[in-house]
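Start at 1 and go down the list; that is how both ligands and their atoms are numbered.
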Amino acid sequence: MKGYLKTTVFAIIIFGVLWYFIGTKAALDFVKEPELVFGLVILLIVILINSKVRKNLRQVRFDKLSDEEKALETTAQANWYKNLMQKLTATKPIEEEQDILMDHAYDGIRELDNDLPPWWLYGFYATIVFAFVYIGYYHMFDGDDQTAEFNKEMAQAEADIAEYKKNAKGLIDASTVEVMTEQSDLDAGKSIYEANCMVCHLADGGGSIGPNFTDDNWILGGGIKNVFTTVSEGGRDGKGMIAWKSMLSPEQIAQVSSYVLSFQGTTPAAGKAPEGDVWSED
Ligand code: HEC
């Protein structure tokens with residue numbers, strides 16, 4: 001029965017550890033570190049061999065015992081919980097208490113000079129070791145405190161976001177948009193333009209209801225960022241240029257804006273007179 005209890009406790013512990021690892025998925029990332037996995041496997045093998053060897057040694061020793069001793073040993077093994085508690089607390093049995101009885105008495109109350117219980121003592125030693133590690137790491141070698149850790153994580157997160165935005169075309173906004181030069185983007189821009197914009201701005205950008213895109217003058221500002229904003233948010237109220245952001249994705253707006261800018265400096269068949277101010281990048 002005791003054996004089952006032992007196995008059950010063991011199984012619960014292993015289950016708990018696994019549960020913890022699965023619950024916090026990031027903890028499983030260590031699987032990606034081959035050195036760590038290799039180290040763990042070696043450790044496991046060493047533990048297995050070690051326990052096997054010790055088991056054999058115990059068996060050899062056990063076989064040499066007399067029958068009486070064997071019986072004693074067997075009951076002792078059955079009492080593994082008691083043994084464990086004895087090891088952790090190092091209490092003296094009542095029969096031996098006179099050895100540690102101190103020689104003073106207060107109104108008949110007497111005191112035992114017990115050893116410090118090992119569970120407590122080793123816990124205390126552990127705090128001392130921890131303190132040295134802590135002082136060394138944080139105070140002598142300037143380990144990161146929470147603020148520094150936070151700042152580092154934030155900087156890393158910002159770098160990650162920037163990297164992500166650079167590669168994710170769908171996330172373009174007016175502050176990150178750049179002129180697209182890839183032919184595939186310009187071709188996409190051209191077909192969006194011909195489907196949605198040509199009616200008012202004409203195929204060659206010369207302008208009719210909407211203004212001319214070939215000159216240097218802009219009503220709402222030139223350059224990719226302004227053009228992107230105008231296309232997504234629309235022109236001035238009542239002028240006829242609607243906001244396209246509900247119909248076109250940011251990527252499409254960037255493509256058509258880049259296409260619009262490619263009209264700059266070309267000569268349209270019938271260019272509309274310049275409107276707005278001459279715009280320059282600075
Ligand atoms: C219904 C006609 C119409 C359509 C369709 C139209 N526009 Fe316009 N667009 C205008 C008008 C009118 C203006 C001037 C707005 C103002 O004065 O505020 C304008 C202004 C602009 C401007 C700003 C020009 C400047 O000088 O600042 C850009 C850029 C622009 N349109 C791009 C587009 C794009 C790209 C599309 C297609 C997705 C499009 N337009 C579709 C009528 C239109």
Side-chain angles (χ1 to χ4, degrees), residues 25-26 29 32 147-282:
K25 271 228 170 69
D29 281 356
K32 292 182 199 141
T147 316
E149 269 176 8
F150 176 79
N151 290 340
K152 256 189 200 167
E153 277 174 28
M154 282 325 213
Q156 183 59 44
E158 256 158 43
D160 289 348
I161 291 171
E163 185 63 31
Y164 178 66
K165 278 192 175 166
K166 222 194 293 172
N167 299 320
K169 284 185 172 177
L171 278 178
I172 305 163
D173 64 25
S175 64
T176 57
V177 65
E178 304 274 350
V179 180
M180 289 172 158
T181 49
E182 299 273 331
Q183 196 53 50
S184 59
D185 287 325
L186 290 173
D187 289 347
K190 184 172 188 218
S191 48
I192 297 166
Y193 184 86
E194 285 172 355
N196 302 293
C197 325
M198 204 169 74
V199 277
C200 299
H201 292 282
L202 294 200
D204 58 9
S208 89
I209 297 172
N212 188 336
F213 291 143
T214 63
D215 54 33
D216 291 334
N217 296 50
W218 293 88
I219 304 168
L220 302 161
I224 187 69
K225 295 191 164 60
N226 288 321
V227 170
F228 183 95
T229 309
T230 307
V231 178
S232 49
E233 307 299 328
R236 295 169 298 175
D237 280 346
K239 293 287 178 184
M241 171 70 186
I242 57 159
W244 292 91
K245 63 182 171 193
S246 56
M247 277 155 277
L248 301 175
S249 73
E251 186 185 5
Q252 288 174 317
I253 295 178
Q255 286 166 335
V256 74
S257 301
S258 302
Y259 182 68
V260 163
L261 286 173
S262 72
F263 288 124
Q264 289 277 288
T266 60
T267 316
K272 214 179 161 189
E275 293 167 82
D277 301 323
V278 173
W279 193 86
S280 67
E281 202 60 58
D282 33 56

(request) Go through ligand 1 atom by atom and flag the ones less than 4.0 Å from a non-hydrogen atom of Ile209. (result) 12 (C)
(request) Can you sort out which atoms of ligand 1 are near Val227, meaning under 4.0 Å from one of its heavy atoms? (result)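 Here the atoms of ligand 1 in question are 29 (C).
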Does any part of the side chain of [Y], heavy atoms only, come nearer than 4.5 Å to the side chain of [X], both counted from C-beta?
X: Ile192; Y: Tyr259; result: no
X: Ile219; Y: Lys239; result: no
X: Asp187; Y: Glu182; result: no

(message) If we set the cut-off at 4.0 Å for heavy atoms, which region of Trp244 has an atom near ligand 1: side chain, backbone, both, or neither?
(response) side chain
(request) Count up the protein N, O or S atoms sitting under 2.8 Å from atom 8 (Fe) of ligand 1, would you? (result)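 My tally for this metal is 2.
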What residue and atom, counting heavy atoms only, is the protein's closest point to [atom], and at what distance?
atom: atom 12 (C) of ligand 1; value: Lys239 O, 2.9 Å
atom: atom 5 (C) of ligand 1; value: Asn196 O, 3.2 Å
atom: atom 17 (O) of ligand 1; value: Arg236 NH2, 2.8 Å
atom: atom 27 (O) of ligand 1; value: Leu220 N, 2.6 Å

(request) Return yes if some donor-acceptor pair links the side-chain N/O of Ser257 with the main-chain N/O of Ala254 below 3.5 Å, else return no. (result)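 Checked: no pair found.
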(request) Mind jotting down which residue pairs meet the salt bridge (charged side-chain N to carboxylate O under 4.0 Å, His left out) criterion with at least one end in residues 262-272? Sequence neighbours excluded, please. (result) Lys272-Glu275
(request) Could you pull out the closest heavy-atom pair between Ala243 and Ser232, with the gap in Å? (result) CB-O, 3.2 Å
(message) Check contact between Tyr193 and ligand 1, using heavy atoms of the residue and a distance below 4.0 angstrom.
(response)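 Outside the 4.0 Å threshold, so no.
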(message) Any nitrogen or oxygen of Phe213, side chain or backbone, less than 3.5 Å from one on ligand 1?
(response) no
(message) Does any N or O of ligand 1 fall below 3.5 Å from an N or O anywhere on Ile219, backbone included?
(response)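 Yes: some nitrogen or oxygen of Ile219 is under 3.5 Å from one in ligand 1.
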(message) Which residue is it: Glu178, Gln252, Met180? I am looking for the one with a side-chain contact (heavy atoms from CB on, under 4.5 Å) to Ile172.
(response) Met180
(request) Supply the atom-to-atom distance Ser191 OG to Asn196 CG, rounded to the nearest 0.5 angstrom. (result)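 CG of Asn196 is found 9.5 Å from OG of Ser191.
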Side-chain donor-acceptor contacts of residues 152-159 below 3.5 Å, not counting sequence neighbours, with atom names and distances?
unit_1 : atom_1 : unit_2 : atom_2 : d
Lys152 : NZ     : Asp144 : OD2    : 2.6
Gln156 : NE2    : Asp160 : OD1    : 3.0

(request) Look at the aromatic rings of Phe213 and Trp218 and report parallel, tilted or perpendicular, splitting at 30° and 60°. (result)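 Plane angle under 30°, so parallel.
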Side-chain donor-acceptor pairs under 3.5 Å in residues 220-229, sequence neighbours left out?
unit_1 : atom_1 : unit_2 : atom_2 : d
Lys225 : NZ     : Val177 : O      : 3.2
Asn226 : ND2    : Gly222 : O      : 2.8
Thr229 : OG1    : Lys225 : O      : 2.7

